[in-house]
Number of protein chains: 2
Amino acid sequence: MSAELSVTENEAKYLKLIYRGQCEESTKVRTTAVAKSLGVRPATVTEVIQNLSEKNLLWHRRYHGVELTKEGIAEAQKLLRKHRILEILFTDLLKYNAQRACNEASKLDYRASRSLINAICKAYGHPEICPCKKVIFSDPKCKKK
Amino acid sequence: MSAELSVTENEAKYLKLIYRGQCEESTKVRTTAVAKSLGVRPATVTEVIQNLSEKNLLWHRRYHGVELTKEGIAEAQKLLRKHRILEILFTDLLKYNAQRACNEASKLDYRASRSLINAICKAYGHPEICPCKKVIFSDPKCKKK
DNA sequence: TGTATATTTTAGGGGTTCCCTAAATTTAAA
DNA sequence: TTTAAATTTAGGGAACCCCTAAAATATACA
């Protein structure tokens, strides 16, 4: 029973960004880079990172980078699964290009329920790759048959 | 140029509720009823109503009810259009029932962009009635041809 | 190896939004 | 007209997110 602290929508944005950097691009995630990317000041990034750290979603070594914990990775993957399934919906149904689909998905992913995402996933044949060729994480609750 | 103040997601919830009461059920919208409906205290409702009133979205006569202004009605209809188009998506694509579609739509409607909604509207042939038989307001920017 | 420069973190605030309780006030009903 | 119900004020509080200025640390290069 991991007294799972909830993640705010803003924190979710950080998690997705950090995950992409750390796990998909293998770059060292730097405070300043995150700040530029999100349009806030470095001090703000440090603060949010400290909150995420208190929630055990990442590991923070002062003046060095951050590293997502197992829980942080799991949370980021849940979020990115939602994001990418929504991208599939928008490219398939609405013929959006990858960029636009990503934009719209970013506005909704955090709010989309797990069951909604799984229903969409099923409707589109359990896709494994999103429009920008990244992997779509699977959900054990999302039955293929 | 109506220096249009933005509406928070919570305020949007109030607007939708008040619109349904006032315009679709012709009931007098009472503070206590809203409070029960949203699970908050009456004093909280009064406060939010005062904010909406300052944004010129409704008219508040102390100790009597509220009445949406023209701007309030327009805003509520924009929100409900989004809500109902999303309901169409979920019932058509995912075979959700009206109730469930409404639940999911409630989580996303506020965040869905106008253009996304119009794209979905087009994809589903510009529906005019939502799953629970309410009217789907039209958007002049949503071209039928 | 120092020292200058860049990066990051702390300290100290501020604003918004949403919520609450308790005490008034006003309305409506008996 | 009194009383009960509904509503509003008054006065707080907590969560979040953001900022500037100053301190601490790391890094890069003479």
Side-chain angles (χ1 to χ4, degrees), chain A residues 3-18 21-22 25 27-68 72 75-76 79 106-107 109-111, chain B residues 3-18 21-22 25 27-68 72 75-76 79 106-107 109-111:
Chain A
E4 195 81 15
L5 287 171
S6 65
V7 171
T8 68
E9 183 161 11
N10 191 57
E11 286 169 347
K13 209 159 56 174
Y14 281 74
L15 277 184
K16 287 182 285 182
L17 188 67
I18 293 169
Q22 177 185 309
E25 282 147 43
T27 55
K28 190 172 262 171
V29 177
R30 299 186 161 291
T31 299
T32 306
V34 172
K36 266 186 192 131
S37 183
L38 298 181
V40 297
R41 296 300 174 140
T44 303
V45 173
T46 300
E47 202 193 351
V48 174
I49 278 173
Q50 283 166 350
N51 292 152
L52 288 171
S53 171
E54 267 162 31
K55 293 180 183 178
N56 294 313
L57 295 170
L58 50 76
W59 228 63
H60 184 211
R61 262 186 57 230
R62 278 174 39 296
Y63 296 102
H64 299 272
V66 297
E67 205 184 327
L68 293 173
E75 185 63 35
L79 289 163
S106 297
K107 295 174 196 154
D109 53 11
Y110 176 77
R111 307 268 162 179
Chain B
E4 196 79 17
L5 288 171
S6 65
V7 170
T8 68
E9 183 161 11
N10 191 57
E11 287 170 345
K13 209 158 57 174
Y14 280 74
L15 276 184
K16 287 183 284 181
L17 189 67
I18 293 169
Q22 176 185 310
E25 283 145 41
T27 56
K28 192 171 262 170
V29 178
R30 298 186 161 293
T31 300
T32 305
V34 172
K36 267 186 191 132
S37 183
L38 298 180
V40 297
R41 296 299 173 139
T44 304
V45 173
T46 300
E47 202 194 350
V48 174
I49 279 173
Q50 283 165 352
N51 292 153
L52 288 172
S53 170
E54 266 162 31
K55 293 178 183 178
N56 294 312
L57 295 170
L58 52 76
W59 228 64
H60 184 213
R61 261 186 58 230
R62 272 159 63 286
Y63 296 101
H64 297 274
V66 298
E67 207 185 325
L68 293 174
E75 186 63 35
L79 289 163
S106 296
K107 296 174 196 152
D109 53 10
Y110 176 78
R111 308 268 163 179

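So that the names make sense, note that chain A is the first sequence line, chain B the second, and so on, each numbered from 1.
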Practice problem: Drop me the distance from A/Leu52's CG to A/Glu11's CD, to the nearest 0.5 angstrom. | Solution: 5.0 Å
Among the candidates [options], find the nucleotide nearest to the side-chain atoms of [X].
X       : options               : result
A/Ala43 : D/dC17, D/dT20, D/dT8 : D/dT20
A/Arg41 : C/dT7, D/dC19, C/dT17 : D/dC19
B/Asn10 : C/dC19, D/dC19, D/dT8 : C/dC19

Between [N] ([atom2]) and [X] ([atom1]): distance, integer Å:
X       : N      : atom1 : atom2 : value
A/Lys28 : C/dA6  : NZ    : P     : 19 Å
B/Leu52 : C/dC18 : CG    : C1'   : 13 Å
B/Tyr63 : D/dT7  : OH    : P     : 10 Å
A/Leu38 : D/dC16 : CG    : P     : 18 Å
A/Ile49 : D/dC17 : CD1   : C1'   : 14 Å

Exercise. For A/Arg62 and for B/Val29, locate the closest nucleotide of DNA chain D by heavy-atom distance; then report the residue assigned to the nucleotide nearer the 5' terminus.
Key: B/Val29
Practice problem: Map A/Arg30 and A/Thr8 onto DNA chain D by nearest heavy atom, then report which one ends up closer to the 5' terminus. | Solution: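 It is A/Thr8, whose closest nucleotide lies nearer the 5' terminus.
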Exercise. Using heavy atoms to find the nearest nucleotide of DNA chain C for B/Asn51 and A/His60 separately, return the residue whose nucleotide is more 5′.
Key: A/His60
Exercise. Between A/Glu47 and A/Arg61, name the one whose nearest nucleotide on DNA chain C is closer to the 5' end.
Key: A/Arg61
By the 4.0 Å heavy-atom rule, please label [X] as base, sugar-phosphate, or nothing.
X       : answer
A/Gln50 : sugar-phosphate
A/Thr31 : sugar-phosphate
B/Thr44 : base

Practice problem: Examine the base of D/dC16 for any acceptor or donor lying under 3.5 Å from a partner atom in the side chain of A/Glu11, and report the outcome as yes or no. | Solution: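 Check fails, no donor-acceptor contact within cut-off.
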Quiz item: Would you find a donor on one side and an acceptor on the other, under 3.5 Å apart, between the side chain of B/Glu75 and the backbone of B/Leu15?
Solution: no
Quiz prompt | Donor-acceptor pair, side chain of A/Tyr110 and main chain of A/Val7, under 3.5 angstrom | solution =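 At least one qualifying donor-acceptor pair exists.
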Quiz item: According to a strict under-4.0 Å criterion, is A/His64 in side-chain N/O contact with OP1 or OP2 of C/dT8?
Solution: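 A/His64 to C/dT8 OP1/OP2: no side-chain N or O under 4.0 Å.
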Quiz item: Using 4.0 Å as the upper bound for N to carboxylate O, is an ion pair formed by A/Arg61 and A/Glu67?
Solution: no
Self-check item: A/Arg111 with B/Glu9: basic N within carboxylate O range, under 4.0 Å
Solution: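 Here A/Arg111 pairs with B/Glu9 in a salt bridge, since their nearest N and O are under 4.0 Å apart.
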